[in-house]
Amino acid sequence: MVSEPLERTDRPAGLTIVQFNMTYEGFGLVIDFLSRHPPFADFALKTLAEAVRRQLHLGHHQVALEAGTIVGYAGWLLTSEAIGSAWLAGRGKLLPIDPALADAAALTTVAVREPAAVLPLMRGARYLNPGKRIFFRRDRENRVRKSAVINRPPADGSIA
């Protein structure tokens with residue numbers, strides 16, 4: 001169900017970041033976790049299931065584990081900078097495109113139970129999408145923040 005842990009040293013002790021293989025067990029664990037966290041707890045099952053299924057199938061996700069329990073999930077879709085920029089400006093819908101043509105990624109499904117998992121999940125999404133602009137949105141306490149970062153791989157090839 002779980003692929004090898006992603007080797008990075010930028011996370012708190014006891015926190016492991018992995019990718020799940022596309023199995024019924026992995027799918028069920030992610031859906032169960034997300035169903036307990038707003039705003040995903042209120043999503044239509046079809047919408048959430050389609051997004052998670054695609055993320056697991058394509059490897060466009062990461063799972064934070066602590067003592068074998070999911071404490072965070074981040075999933076994304078590949079898109080273009082034009083689509084992502086329009087989405088950030090409120091002028092368009094965020095849509096996936098052919099991965100071979102994508103020059104951007106958008107974090108669309110992020111939930112954490114352990115705040116220490118946020119940065120490792122974000123950094124991991126950047127690490128797994130080198131050279132792509134990363135778009136994300138944070139919804140917190142009646143406040144929405146949309147941002148983008150230019151994601152350039154480190155010159156020395158490190159991942160920290």
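Along the sequence shown, residues carry numbers from 1.
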Answer yes or no: is there a donor N or O on one side and an acceptor on the other, between the side chain of [X] and the main chain of [Y], under 3.5 Å?
X     : Y      : answer
Gln62 : Ile17  : no
Asp98 : Ala100 : yes
Thr79 : Leu95  : yes

Measuring from [X]:[atom1] to [Y]:[atom2], what's the distance to the nearest 0.5 Å?
X      : Y      : atom1 : atom2 : result
His61  : Met22  : NE2   : CE    : 10.0 Å
Thr69  : Arg113 : OG1   : CZ    : 6.0 Å
Leu78  : Asp103 : CG    : CG    : 10.0 Å
Ile31  : Tyr73  : CD1   : OH    : 8.0 Å
Leu107 : Leu77  : CG    : CG    : 9.0 Å
Ile83  : Leu88  : CD1   : CG    : 12.5 Å

Would you call [X] and [Y] a side-chain contact if the rule is heavy atoms closer than 4.5 Å?
X     : Y     : value
Leu56 : Gln19 : no
Gln55 : Val30 : no
Leu65 : Val71 : no

Evaluate the side chain to side chain contact (heavy atoms under 4.5 Å, CB included) criterion for residues Arg126 and Met122: first the C-alpha distance (whole Å), next the side-chain angles of each, then the deciding distance (0.1 Å), finally the verdict.
CA-CA 6 Å; Arg126 292 178 68 187; Met122 299 288 250; 5.7 Å; no
Would you name the heavy atoms of [X] and [Y] that are closest together and state the gap between them?
X      : Y      : value
Pro120 : Ala116 : CD-O, 3.1 Å
Ala117 : Val112 : CB-CG1, 4.2 Å
Ile97  : Ser80  : CD1-N, 3.8 Å
Ala106 : Leu94  : CB-CD2, 3.5 Å
Trp87  : Phe136 : CH2-C, 4.1 Å

Summary of salt bridge (charged side-chain N to carboxylate O under 4.0 Å, His left out) pairs that have at least one residue in residues 53-68, sequence neighbours excluded:
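Those involving residues 53-68 do not exist here.
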With salt bridge (charged side-chain N to carboxylate O under 4.0 Å, His left out) as the rule and sequence neighbours excluded, what pairs involving residues 73-84 come up?
Glu81-Arg133
Might you confirm whether atom NE2 of His37 has over 12 heavy atoms from other residues, nucleotides or ligands at distances under 6.0 Å?
yes
Please report the C-alpha distance between Phe33 and Val52 in whole Å, then the side-chain angles of each, then the deciding distance to 0.1 Å, and finally whether the side chain to side chain contact (heavy atoms under 4.5 Å, CB included) criterion is met.
CA-CA 11 Å; Phe33 176 76; Val52 169; over 6 Å; no
Are Leu48 and Leu58 linked, directly or through intermediate hydrophobic residues, by side-chain heavy-atom contacts shorter than 4.5 Å (ILVMFWY only)?
no
Shared hydrophobic cluster for Tyr24 and Leu34 (ILVMFWY, side-chain gaps under 4.5 Å):
no
Across all chains, not counting sequence neighbours, the side chain to side chain donor-acceptor pair (under 3.5 Å) partners of Asp32 are Arg36
What class does the angle between the rings of Trp76 and His60 fall in, given that below 30° is parallel, 30 to 60° is tilted and above 60° is perpendicular?
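Ring orientation of Trp76 relative to His60: parallel.
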Between Phe43 and Phe40, what is the ring plane arrangement, given parallel below 30°, perpendicular above 60°, and tilted in between?
perpendicular
